[in-house]
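Notes follow the structure.
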Amino acid sequence: DTPGTGDLNSDLTAFVFEVLSQSDAAVLVLSALSPFSMTEAAFLKQQVLERHIDRIFVVVSHLDLIATEERVRVIDHIREQVAEVSEAIP
């Protein structure tokens, strides 16, 4: 787990983009505390899908930090937002 591509380290960002160019799959880790931001949507569209990475897995972290009754709502929200980007992502 490293800081994302939006951090201030341009070397790390360049490394992530280089690795993505060589990847067969991607794991997108989203926080339940701030589910699927515009930045994450743009990253998914511009950096993952445009590289034709066919296998994309979405993982939701920090679910234990939100109320049990809110978990389904958060996961449903993330599913809807990801589907707006690509319906091919499970």
Side-chain angles (χ1 to χ4, degrees):
D1 186 21
T2 61
T5 57
D7 82 342
L8 298 177
N9 185 338
S10 61
D11 291 338
L12 177 60
T13 299
F15 175 72
V16 168
F17 293 160
E18 179 183 335
V19 169
L20 274 175
S21 294
Q22 302 170 25
S23 297
D24 295 323
V27 178
L28 182 63
V29 180
L30 304 173
S31 172
L33 300 175
S34 58
F36 207 61
S37 68
M38 290 175 56
T39 303
E40 291 163 332
F43 176 80
L44 180 58
K45 287 179 200 174
Q46 299 167 1
Q47 302 301 330
V48 178
L49 294 174
E50 286 187 10
R51 285 181 167 80
H52 305 288
I53 298 172
D54 296 333
R55 291 178 292 268
I56 302 167
F57 304 93
V58 178
V59 177
V60 182
S61 67
H62 300 112
L63 278 172
D64 59 322
L65 299 178
I66 61 173
T68 304
E69 58 274 4
E70 290 293 312
R71 292 177 187 171
V72 171
R73 185 187 63 76
V74 168
I75 291 171
D76 287 345
H77 171 75
I78 291 171
R79 277 192 182 120
E80 291 169 7
Q81 296 301 309
V82 170
E84 285 186 23
V85 175
S86 173
E87 291 187 8
I89 300 171

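The analysis underlying the following values was restricted to heavy atoms, covering all of them including side chains, and did not include hydrogens, waters or symmetry mates.
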Would you sort out whether Arg71 and Val74 count as a side chain to side chain contact (heavy atoms under 4.5 Å, CB included), showing the intermediate values? CA-CA 5 Å; Arg71 292 177 187 171; Val74 168; 5.8 Å; no
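One hydrophobic cluster holds both Leu63 and Ile78 under the rule that ILVMFWY side chains link at heavy-atom gaps under 4.5 Å. Using a 4.5 Å cut-off between side-chain heavy atoms of Ile, Leu, Val, Met, Phe, Trp and Tyr, with links allowed through other members, Val59 and Ile75 fall into different hydrophobic clusters. Each of Leu44 and Phe57 belongs to its own hydrophobic cluster when Ile, Leu, Val, Met, Phe, Trp and Tyr are linked at side-chain heavy-atom distances under 4.5 angstrom.
Closest non-hydrogen pair, Lys45 versus Val85, comes out as CG-CG1, 3.5 Å. Contact between Arg51 and Gln46 at its shortest, heavy atoms only, is NH1-O, 4.2 Å.
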Ignoring hydrogens and angles, write down the donor-acceptor pairs under 3.5 Å from the side chains of residues 23-37, residues two or more places apart or on other chains.
from  : atom 1 : to    : atom 2 : distance (Å)
Ser23 : OG     : Val19 : O      : 2.7
Ser31 : OG     : Leu33 : N      : 3.0
Ser31 : OG     : His62 : ND1    : 3.3
Ser37 : OG     : Thr39 : N      : 3.4
Ser37 : OG     : Glu40 : N      : 3.2
Ser37 : OG     : Glu40 : OE1    : 3.4

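Residues satisfying the salt bridge (Lys or Arg N to Asp or Glu O under 4.0 Å) test with Arg79, not counting sequence neighbours, are Asp76. In this view, Arg73 and Glu70 satisfy the salt bridge (Lys or Arg N to Asp or Glu O under 4.0 Å) rule, not counting sequence neighbours.
The OG atom of Ser21 sits 8.0 Å away from atom CD of Gln47, with the distance rounded to the nearest 0.5 Å.
Around CD of Gln22, the count of heavy atoms belonging to other residues, nucleotides or ligands within 6.0 Å exceeds 12.
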